[in-house]
Amino acid sequence: MKSKPVFIAGQDYPVKYGFAALRAFSDATGTTLGDLSSLGDNMTITQAIALVWAGLKDGARVMKQDFVLSIDDVADLMDEDEEAMAKVLEVFSESMAKPTKNKAKKKAK
């Protein structure tokens, strides 16, 4: 899975959600593997910002870019760009979506 660029506060950031991002999120928030399946139901603001942070961090990793943003730095980005969280969490949703049978068949060909 490749990263997807997301424009936040005047700059493109690569975003990726795979197991490395989920691990970073879990480590940062104490979220368990079992908690991940119901995350959207009762997500705290801290979890939402940490989820954005994890996607940015993993995107930078796969693009071989330095990543120096803390979770608070990411919160500041959210303050600067009110659509940033929605844009990044859309990448998360796309990453976690299960492939349909038609997509799986096309990839198998």
Side-chain angles (χ1 to χ4, degrees):
M1 178 176 12
K2 295 184 179 184
S3 67
K4 180 175 182 177
V6 175
F7 192 72
I8 302 170
Q11 184 176 339
D12 272 330
Y13 291 89
V15 177
K16 180 180 181 285
Y17 287 100
F19 280 105
L22 294 177
R23 180 193 49 78
F25 169 77
S26 293
D27 289 349
T29 62
T31 303
T32 67
L33 190 58
D35 296 334
L36 290 176
S37 64
S38 62
L39 190 59
D41 298 335
N42 297 305
M43 188 183 300
T44 67
I45 189 69
T46 298
Q47 289 173 321
I49 294 168
L51 190 57
V52 171
W53 169 82
L56 293 171
K57 179 178 176 152
D58 201 37
R61 180 188 65 82
V62 298
M63 296 303 293
K64 309 272 190 259
Q65 297 176 355
D66 289 334
F67 186 77
V68 297
L69 298 176
S70 69
I71 291 177
D72 286 336
D73 293 333
V74 171
D76 291 341
L77 282 177
M78 304 296 106
D79 289 339
E80 291 178 44
D81 184 341
E82 63 188 39
E83 296 176 3
M85 185 175 291
K87 291 187 277 190
V88 174
L89 292 181
E90 182 177 325
V91 176
F92 175 74
S93 294
E94 291 169 2
S95 299
M96 297 298 119
K98 294 181 181 173
T100 63
K101 289 182 181 180
N102 289 338
K103 286 183 182 178
K105 286 180 183 177
K106 287 180 183 178
K107 287 185 178 182
K109 290 183 180 181

Taking [X] for its side chain and [Y] for its backbone only, find out whether a donor-acceptor pair lies under 3.5 Å.
| X | Y | value |
| --- | --- | --- |
| Asp27 | Ala24 | no |
| Tyr17 | Leu51 | yes |
| Ser26 | Thr31 | yes |

Exercise. Taking atom CG of Asn42 as the centre, report whether more than 12 heavy atoms of other residues, nucleotides or ligands fall under 6.0 Å from it.
Key: no
Self-check item: Qualifying residue, where the test is side chain to side chain contact (heavy atoms under 4.5 Å, CB included) with Met85 and the options are Val74, Leu77, Val52, Ile8
Solution: Val52
Quiz item: Under a 4.5 Å side-chain heavy-atom rule over Ile, Leu, Val, Met, Phe, Trp and Tyr, are Ile49 and Val68 clustered together?
Solution: no
Quiz item: Mind checking whether Val91 and Phe7 sit in one hydrophobic cluster, side chains of I, L, V, M, F, W, Y counted as touching below 4.5 Å?
Solution: no
Practice problem: Give the C-alpha distance, both sets of side-chain angles, the deciding distance and a yes or no for side-chain contact (heavy atoms from CB on, under 4.5 Å) between Val6 and Asp12. | Solution: CA-CA 5 Å; Val6 175; Asp12 272 330; over 6 Å; no
Exercise. Any chance you could lay out the side-chain contact (heavy atoms from CB on, under 4.5 Å) test for Lys87 and Val15, step after step, and finish with the verdict?
Key: CA-CA 10 Å; Lys87 291 187 277 190; Val15 177; over 6 Å; no
Exercise. Return the set of residues passing salt bridge (charged side-chain N to carboxylate O under 4.0 Å, His left out) with Asp35 (not counting sequence neighbours), or none when no residue passes.
Key: none
Kindly give the heavy-atom pair with the smallest separation between [X] and [Y], and that separation in Å.
| X | Y | answer |
| --- | --- | --- |
| Glu80 | Ala9 | OE1-CB, 3.5 Å |
| Asp58 | Arg61 | OD1-NE, 2.6 Å |
| Leu69 | Trp53 | O-NE1, 3.0 Å |
| Thr29 | Phe25 | OG1-O, 2.8 Å |

Quiz item: Who passes side-chain contact (heavy atoms from CB on, under 4.5 Å) against Glu90, sequence neighbours left out?
Solution: Glu94
Self-check item: Set of side-chain contact (heavy atoms from CB on, under 4.5 Å) partners for Met63, sequence neighbours left out
Solution: Ser3, Pro14, Gln65
Practice problem: Could you grab the distance from atom CD of Gln47 to atom CD1 of Ile71, nearest 0.5 Å is fine? | Solution: 11.0 Å
